[in-house]
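First the proteins, then the strands, lettered A, B, ... as listed; each starts at 1.
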2 protein chains.
Amino acid sequence: MSKHDKHDKREEIVRAALELIAEHGFHGAPMAMIAERANVGAGTIYRYFENKDVLIAELYQNLEAKMYPVILEGYSADKPTRERFIHLGTALLRYFIENPLDFRFLEQFHNSPFGAEHRRDKILGVKDGCDVFRELFEEGIARQILKEFPLSILFSLSFGPLAAVARDHILGFVVLNEVLIVWTVEACWDGIKR
Amino acid sequence: MSKHDKHDKREEIVRAALELIAEHGFHGAPMAMIAERANVGAGTIYRYFENKDVLIAELYQNLEAKMYPVILEGYSADKPTRERFIHLGTALLRYFIENPLDFRFLEQFHNSPFGAEHRRDKILGVKDGCDVFRELFEEGIARQILKEFPLSILFSLSFGPLAAVARDHILGFVVLNEVLIVWTVEACWDGIKR
DNA sequence: ACCATAGGAATGAACGTTCATTCAGTAATA
DNA sequence: TATTACTGAATGAACGTTCATTCCTATGGT
């Protein structure tokens, strides 16, 4: 067998961990259960990840790296502010709906000791994906297109509803279709525009 | 000692549990630690609560019962839709900011096995506090004041941002004052109004 | 072509820790 | 004294992690 199969095992572990954590939360996904679902011995996980925390952190970074390009696909900084916002918002919401496991994992992650630390990092040096939104908001405020709120409130007014709607869809309280997705993001825009 | 002191112990347990769970989450608040902070033997908790789950569930119901009248104080079904929405929204946000422990506990609760079950209950027979919002939204749609969205999306567009803003305030990412609170809720209104 | 063997990969039973819960004993109350 | 309230050490279950052992395969000598 070749080097490729090593990766197979590693990826099996990552997949199993994502599934179980998304479905049952961090504390409902013991290492033994992850190992079982990955068809791997319990000890094998520790050949690839130092411990559970490292596994989870890597899972999170995997996700961010995976989402970023999907959401930015077709994004152009030249288009009007509103159009760019709708693009990002709908792309994000679509991603969440099409990848419910990813969404559920992210939610678990943000409501955990990890999440708090991670937020602190983002305060100091904002990382990766948020920059796009930050730029968009700052430009929108400067051009007087957006309400003059602290950035963090604009974030909340935009992502708060998107996350809530995605959660409701995944839990089956609404059925979102393409039209509803766009309308929802447009409603968010109405909330932040002047 | 009189009957009153029994209540004192019970309330000490409830207070300690709320503090620790709000601060460290369900799994960072072992029964032994709750007992210690309540100045009570570990076994004493079980004189008042069958087990940890029951303690948590009762904590949650305490909170709901405590919040409901505070938020409805001064609420009048006669006033215009917008005014009523602003009243409820600002009251809720103010409550969260003034009672950060309550807010953090509610967040922990909603991101847990309990939360999911509880949501299912609310689907069938909507309980207590949500009725006010439900009425408000249904009336707003009927009068063509609000966008014609599924109720659950209107909920998300309203509470999503409020929860996110409250979280940011409590974690120190924004400092909300009375003006910002009102502006934020008005922005939510802009999101749901036609 | 065959076997021997070295060494990394994989395993899962075993370990130490932590937690919710119990219960035998103690203190307070009447 | 009898009853009730309280205590915290003891218990067992569950967890993350370790490590002695097994398995697999690539290599080199015959």
Is the CD atom of A:Glu178 crowded by more than 12 outside heavy atoms at less than 6.0 Å?
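For A:Glu178, atom CD is crowded (more than 12 foreign heavy atoms under 6.0 Å).
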Greater than 12 external heavy atoms within 6.0 Å of A:Glu139's CD
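Result for CD/A:Glu139: enclosed.
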How long is the span from the OG atom in B:Ser112 to the CD atom in B:Glu107, to the nearest 0.5 Å?
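So the OG of B:Ser112 and the CD of B:Glu107 are separated by 12.0 Å.
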Between OG1 on residue B:Thr81 and CD1 on residue B:Ile86, distance to nearest 0.5 Å
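Between atom OG1 of B:Thr81 and atom CD1 of B:Ile86 there are 11.5 Å.
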Between [N] atom [atom2] and [X] atom [atom1], what is the distance in whole Å?
X	N	atom1	atom2	value
A:Arg10	C:dG8	CZ	P	19 Å
A:Ile34	D:dT17	CD1	C1'	13 Å
A:Glu12	C:dA9	CD	C1'	16 Å
B:Lys9	C:dA28	NZ	P	11 Å
A:Ile45	D:dT17	CD1	P	10 Å
A:Ile13	C:dA9	CD1	P	13 Å
B:Asn39	D:dT7	CG	C1'	13 Å

Give a yes or no on whether the ring-centroid distance for B:Phe149 and B:Phe137 is below 6.0 angstrom.
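Ring centres of B:Phe137 and B:Phe149 not closer than 6.0 Å.
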Between N or O atoms, less than 3.5 Å apart, protein on one side and nucleotides 19-22 of chain C on the other: list the pairs.
from: C:dA20; atom 1: OP1; to: B:Lys52; atom 2: NZ; distance (Å): 2.4
from: C:dA20; atom 1: OP2; to: B:Met31; atom 2: N; distance (Å): 2.5
from: C:dT21; atom 1: OP2; to: B:Tyr46; atom 2: OH; distance (Å): 2.9
from: C:dT21; atom 1: OP2; to: B:Lys52; atom 2: N; distance (Å): 2.9
from: C:dT21; atom 1: O5'; to: B:Tyr46; atom 2: OH; distance (Å): 3.4

The test is side-chain hydrogen bond (donor to acceptor under 3.5 Å, both in side chains); show your working for A:Glu64 and A:Tyr60 and say whether it passes.
CA-CA 6 Å; A:Glu64 270 205 339; A:Tyr60 177 78; 3.1 Å; yes
Under 4.0 Å between a side-chain N/O of A:Tyr48 and OP1 or OP2 of C:dA9, yes or no?
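Indeed not, no polar side-chain atom of A:Tyr48 lies that close.
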